2 protein chains.
Amino acid sequence: MQDKLREHIEKIILLTDDEYLFVKEHFITKKFKKHQFLIQEGDDVKYSYFIISGLLKLVYTDDSEKQHIVSFAMEDWWESDYYAFFTQTKATMSLECLEDTEVLCFTLEQYKKLCDGSPKMLRFFLEKANFGFLASQRRILSSMTSNPKERYEQLLKQYPSLFQRVPKSLIASYLGVSRETLSRLSS
Amino acid sequence: MQDKLREHIEKIILLTDDEYLFVKEHFITKKFKKHQFLIQEGDDVKYSYFIISGLLKLVYTDDSEKQHIVSFAMEDWWESDYYAFFTQTKATMSLECLEDTEVLCFTLEQYKKLCDGSPKMLRFFLEKANFGFLASQRRILSSMTSNPKERYEQLLKQYPSLFQRVPKSLIASYLGVSRETLSRLSS
DNA sequence: AACAAGTCTTGACATTAATCACAAATAAAA
DNA sequence: TTTTATTTGTGATTAATGTCAAGACTTGTT
């Protein structure tokens, strides 16, 4: 395996070999099969996950058992129920494999040690957090300013591979429309 | 003036007097009157603002000139067009006073110096960025799972003071519904 | 007090999308 | 291949929300 994690970090900040070794030992590897859950609602959220390969959905289930896709997570993404992870509370969302998936992950304790031991990683996480915030803000704005068809096209443009990998009903759930409405957009 | 900035930072991380002095000198103070713009669409975004007192709206104007409120910013909040600020591109949003407002602000350059010179401030900004991301994610989820009436009530519960301070038409714009629909919710 | 500007409510109607129902198409499993 | 499950598409209906229009109410100003 080429080192996906190192490549990923070094898009933002360069590390010496020693620094990277220090980083690397805070992670452990895990593998999951399609349909397995990394997080289930009500669980403790032990880990934050960096996805080496595969595809996941982060899902919130509302009072009437309807599922809403908060995000898809693919190669090179970080994912978890971050509220629960950071506050060490029970998960309100689930994280489930849509494909066989390999991840690197760390606990909150390891995350803190990483931040304390490496100012560069602190910078890295700050950059990631800022980017995540901006992406969420853009999504809010897109839901306010665009109709379902436009949102569909934006998503298609941004992540074309998604559309070969997940059923349209999940895309609909991510976009916040019914699958029937999504189906009618094409025509 | 009691020191709002110090109080604000020390909710997250304690500073020595010297450390705080270092932090403080990276900021400058500005005052604005109601209806004044801190940022206008198309401008360079020179500053990130910490609000000492007052109230602002962050607004995106779409192609058909319709305004969408991305957020309200009140005392103790940070606000800017952060995408434009971090990438040093032109503003796509505007930031306008709804009340007379006093802010502390810094440039991107000062922000970087602050991060480089103070690991504690780096931690502080990381915590803020994480919190901002989580808040945005909650808002996305709320727009997917709740109807306008529920979203209105959530907002009312979270920021009761807003409702004495801004017209309902702006609340409607923030919630993503027309002012007429919002008006009909009460009944 | 009188006016102006801004704000809020309500009705009528149009539009959009959700829901329900079912059939067709596709993919997965036996 | 045959069977079974999953996914997708489409019509009919219903519900929610937007839009347009008018008027009432507030607030601030002169």
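Just so it is clear, the values below take in all heavy atoms, side chains as well, and ignore hydrogens, waters and symmetry mates. Owing to the predicted nature of the structure, the values given are computational and were not obtained by experimental measurement. Numbered from 1 within each chain, the chains take letters A, B, ... in sequence-line order.
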Problem set entry | Euclidean distance, atom CD of residue B:Glu99 to atom P of D:dG28 [Å, nearest integer] | 13 Å
For this session: Go through C:dC8, D:dG11, D:dT17 for me and flag the one nearest to the A:Arg184 side chain.
Result: D:dG11
Exercise. Rounding to a whole Å, what distance do you find between A:Leu175:CG and C:dA17:P?
Worked result: 12 Å
Exercise. Taking atom C1' of C:dT16 as reference, at what distance in whole Å does atom CG of A:Leu185 sit?
Worked result: 11 Å
Problem set entry | Contact nearer the 5' end of DNA chain C, comparing A:Ser178 with B:Arg179 | B:Arg179
Exercise. Between C:dA17, D:dG18, D:dT8, which nucleotide gets closest to the side-chain atoms of B:Thr181?
Worked result: D:dG18
Exercise. Can you check whether B:Ser169 has a side-chain N or O nearer than 4.0 Å to OP1 or OP2 of C:dT7?
Worked result: no
For this session: Identify whether NZ of Lys or CZ of Arg in A:Arg139 sits under 6.0 Å from the centre of the six-membered ring of A:Tyr174 and within 45° of that ring's axis.
Result: yes
Exercise. D:dG18 C1' sits how many Å from A:Met144 CE, rounded?
Worked result: 17 Å
For this session: Ignoring hydrogens and angles, tell me if any N or O in the side chain of B:Gln36 forms a donor-acceptor pair with the backbone of B:Glu96 under 3.5 Å.
Result: no
Exercise. Expressed in angstrom and rounded to an integer, what is the separation of B:Lys34 atom NZ from D:dT27 atom C1'?
Worked result: 10 Å
Exercise. Hey, are the side chains of B:Leu185 and B:Lys168 touching, using non-hydrogen atoms and a 4.5 Å cut-off?
Worked result: no
Exercise. To the nearest Å, how far apart are B:Leu182 CG and C:dT10 C1'?
Worked result: 14 Å
Problem set entry | Nearest-nucleotide pick for B:Ser183, side chain only, options being C:dT19, C:dT10, D:dT17 | C:dT10
For this session: Provide, to the nearest angstrom, the distance between the CG atom belonging to B:Asn147 and the P atom belonging to D:dT17.
Result: 6 Å
Problem set entry | d(NZ, A:Lys66; P, C:dC20) in whole Å | 10 Å
Exercise. When the ring centroid of A:Phe32 is compared with that of A:Phe37, is the distance short of 6.0 Å?
Worked result: no
Exercise. Any idea which heavy atoms bring B:Val23 and B:Phe27 closest together, and the distance?
Worked result: O-CD1, 3.4 Å
Problem set entry | N/O donor-acceptor pair, side chain B:Glu180 with base D:dC20, under 3.5 angstrom | yes
